[in-house]
Amino acid sequence: MADVFLSYKREDAATAERIADALKAEGISVWWDDRITPERPWDEIIEEHISAAASVVVLWSPRAAASEWVRTEAHYAQDRAKLIPVTIEACNIPLAFLLKQTVNLCEWRGDRSDKQWRKLLTWIADLSATKPGNANIPQALGAAQPNRFREAVGYLASGDPIVDGALVNLSTPVGTAFRDNAGLPVMRIVPNGSFLIGAPQSDPDRMPVESPQKRIDIPAPFAVGVFPVLVAEYREVTGALPQMPAPPRPEGGFLGLFRKKEPLALVAAAVAKPGLPVTFVSFDDAQAFVVRLSEITGETYRILSEAEWEFACRAGSRARYACGDTIDQTQAAFSTKAHPLSGPVEPENFPPNGYGLYSMHGNVREWTPDLWHESYDATPDDGSPATAGQGAMRVVRGGGWRDAAAMLRSSARLRATATARIDVIGFRVARALN
C-alpha cells in the first residue's frame, strides 16, 4: 500500500513528477500513473491503487479543475476521508471541495523547510498512521502520538508538546496541542461524538433549566482552548486589557465611612496578571476578540456553543463532574465557607480533564453564544448555538472562583446580560479544522 496516490492532469506531469520525487526523498511512498503498462485495463489499475493508498493528493490547476476524471478521483478520496487538496496553480477549485483545507504549493520551488510543504508532509503522515478501515479518529487522553514532520514550538507544564498551528490539518490526531502564533491561545483537538446534554433526574443539584436531557451529535473534531483566554493572550490580540466597568458610587452617610471597600483599581490589578484568565469581558468583547484572532491567523475562531462547551467539559464522562461525582479544591478553583477565594488563579494549578483541557470546572464562568433558554428544546442537536431565547441574555458555563461546587457541575447553567463585565466571567475559544 502506497502512502500517496497522486492525482493530476496529464498536462501537469512535470510538476507531478517534481512533487512525487520530493515526497520519495522524504521517505514517503508514492504511486502515480507514469509507468502504467497496457497489460491490464487502465481504469482497473487506477481503482486498485487509489483504493489501497493511505491518502490521495490531488494537484489542482485550471486543467485539473476542468477534468472530469480528476474530479472523480477527488470525490472518491473525499468520500473515504483521505483527500489532500494541493493547489499548484491559481484556479477555481470545484465547488464540492471549496470548504476543504488546501495546501498551497503554487510558489513552492523545492524548499524542504517551507511551511506549506511541511503541512503536506504532516497531513500525509497523519493519514498513513491511521489504521486501514478506521474512518474515525479515536478519542485520546493527553498528548497525541508524535508526527516526524511536526516539530514542537513549545511545551505545556505537563510536558505535552505544542506544535505550530500551520501544520495542523483535518486528519491531525485528537489530543494534539497547537498554537497559531506566539502569544496566542494554546488549542487542543477534541473528537467528534455524541452525548446527553443536561443533568439526569438522579443529580441532587439538578435545576429545572438543566433538563430534560437531549442527545447532541458533534459532527467533526474541532480545537478547544486548553485554558480560558489568558490576560496575556487578550492583550496580545487586542492590544489592551478589557475596559473596566464604572466604579460604584461611594456609599453615603456616617456608616459608609466604616464599611470595608475594595477600590476597583486594586481589583483590576489583582486580575491583570499575564497567566490568569481574563475577566471583566462582556460577551461583545469576547466576540470582538475571536473576530480579531481570526483576522490575525487566517483561521476560523469562535466562542464554544453551549453544547460544545459541555461536550468538551465532560470529556466522555457521564458523572456530575469530568473527574467524578464529587469535586474538591485540589481539583478546581471555587469557594467554600471554610476556604473562600478572592479571585481567579492560574489554570495549570489544577489537573486537566480527559481531553487535556484546564479549568473547565471553576476559576471563571465562560460565555457561550447561546441565547438564554429555559430548556433544551431550543438547543440544536448538532452542537450549534441556540439562536432562540432572551436576546439580552447569554448562557454562561463552568462556574467560577466565587461559586459553590454545585455550580461547577458539567451540566450547571447560568445566564448573564451580554453587556455585563464582572470579575468572575471570562471565555474560551474554539477553532475549526477545515
Side-chain angles (χ1 to χ4, degrees), residues 185 207 209 225 227-235 237-238 240-251 259-290 303-306 309-310 313 329 332-337 339-347 349-350 358-373 385 389-409 412-429:
M207 300 294 289
V209 295
F227 312 114
V229 172
L230 304 179
V231 167
E233 296 164 350
Y234 192 91
R235 185 186 282 117
V237 171
T238 67
L241 289 177
Q243 179 183 347
M244 298 298 296
R249 296 177 62 183
E251 187 173 357
R259 294 194 188 279
K260 182 180 178 181
K261 299 181 179 65
E262 292 189 33
L264 195 60
L266 295 180
V267 176
V271 297
K273 297 178 181 178
L276 294 181
V278 70
T279 54
F280 292 106
V281 284
S282 68
F283 175 73
D284 291 339
D285 294 333
Q287 285 285 60
F289 178 92
V290 294
I303 302 171
L304 281 79
S305 71
E306 181 181 18
W309 190 97
E310 186 168 330
C313 176
Q329 289 183 304
F334 64 100
S335 288
T336 66
K337 289 182 179 179
H339 298 285
L341 297 184
S342 58
V345 301
E346 293 187 357
N349 287 353
F350 302 95
Y358 291 79
S359 283
M360 295 299 293
H361 298 298
N363 216 357
V364 292
R365 304 171 193 166
E366 298 179 13
W367 287 112
T368 78
D370 295 62
L371 297 178
W372 176 256
H373 46 290
Q390 297 181 23
M393 308 292 287
R394 302 281 171 167
V395 177
V396 292
R397 285 299 206 112
W401 56 266
R402 68 161 62 138
D403 294 318
M407 293 313 304
L408 274 60
R409 291 171 300 113
R413 309 174 72 216
L414 289 170
R415 59 184 175 182
T417 303
T419 56
R421 292 190 177 99
I422 61 176
D423 59 356
V424 76
I425 297 182
F427 68 105
R428 189 181 302 256
V429 296

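Fair warning: this is a prediction, and the values are worked out from it, not measured in the lab.
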Using 0.5 Å steps for rounding, measure from the CH2 atom of Trp401 to the CZ atom of Arg365.
9.5 Å
Enter the distance from Ser335:OG to Arg402:CZ here, rounded to the nearest 0.5 Å.
9.0 Å
For the student: nearest non-hydrogen atoms of Cys313 and His361, plus distance:
SG-CE1, 3.3 Å
Apply side-chain contact (heavy atoms from CB on, under 4.5 Å) to the pair Leu371 and Gln390, showing each step before the final yes or no.
CA-CA 6 Å; Leu371 297 178; Gln390 297 181 23; 6.0 Å; no
Quick one, Phe280 with Asp285, criterion side-chain contact (heavy atoms from CB on, under 4.5 Å). Give me CA distance, side-chain angles, the key distance, then yes/no.
CA-CA 9 Å; Phe280 292 106; Asp285 294 333; over 6 Å; no
Please give me the minimum heavy-atom distance between Glu233 and Pro228, naming the atom from each residue.
OE1-O, 4.2 Å
Going through the distances and angles, do Thr368 and Ser305 end up as a side-chain contact (heavy atoms from CB on, under 4.5 Å)?
CA-CA 5 Å; Thr368 78; Ser305 71; 5.9 Å; no
In this structure, are over 12 heavy atoms from other groups packed under 6.0 Å from Met393 atom CE?
yes
Main-chain N/O of Ala232 paired with Arg235 side-chain donor or acceptor, under 3.5 Å
no
Using modelled atom types only, decide if a donor and an acceptor are shared between the side chain of Thr417 and the backbone of Ala420 within a distance under 3.5 Å.
no
How far apart are the closest heavy atoms of Pro369 and Pro385, and which atoms are they?
CG-CG, 3.7 Å
Non-neighbouring partners of Arg394 that pass side-chain hydrogen bond (donor to acceptor under 3.5 Å, both in side chains), sequence neighbours left out:
none
Please answer whether the main-chain N or O of Phe334 pairs with a side-chain N or O of Gln329 as donor and acceptor at a distance below 3.5 Å.
yes
What do the steps show when you test Arg415 against Val209 for side-chain contact (heavy atoms from CB on, under 4.5 Å), and what is the final call?
CA-CA 11 Å; Arg415 59 184 175 182; Val209 295; over 6 Å; no
Of the non-hydrogen atoms in Ala332 and Leu408, which two are nearest, and what is the gap between them?
CB-CD2, 3.9 Å
For Glu366, is there any backbone N or O sitting under 3.5 Å from a side-chain donor or acceptor partner on Trp309?
no
Please answer whether the main-chain N or O of Ser359 pairs with a side-chain N or O of Arg428 as donor and acceptor at a distance below 3.5 Å.
yes
Pro344: which of Asp423, Asn363, Val231 passes side-chain contact (heavy atoms from CB on, under 4.5 Å):
Asn363
Side chains of Val278 and Phe427, heavy atoms from C-beta outward: is any pair under 4.5 Å?
yes
Below 30° counts as parallel, above 60° as perpendicular, anything between as tilted: where do the rings of Tyr234 and Phe289 land?
parallel
Between CH2 on residue Trp372 and CG on residue Leu414, distance to nearest 0.5 Å
7.0 Å
Is a side-chain donor or acceptor of Arg413 paired with a backbone partner of His373 at a separation under 3.5 angstrom?
yes
Heavy-atom closest pair (Val229 atom, Val429 atom, distance to 0.1 Å) is CG2-CG1, 3.9 Å
Residue pair Leu230 / Gly275: nearest heavy atoms and the distance that separates them
CD2-O, 3.6 Å
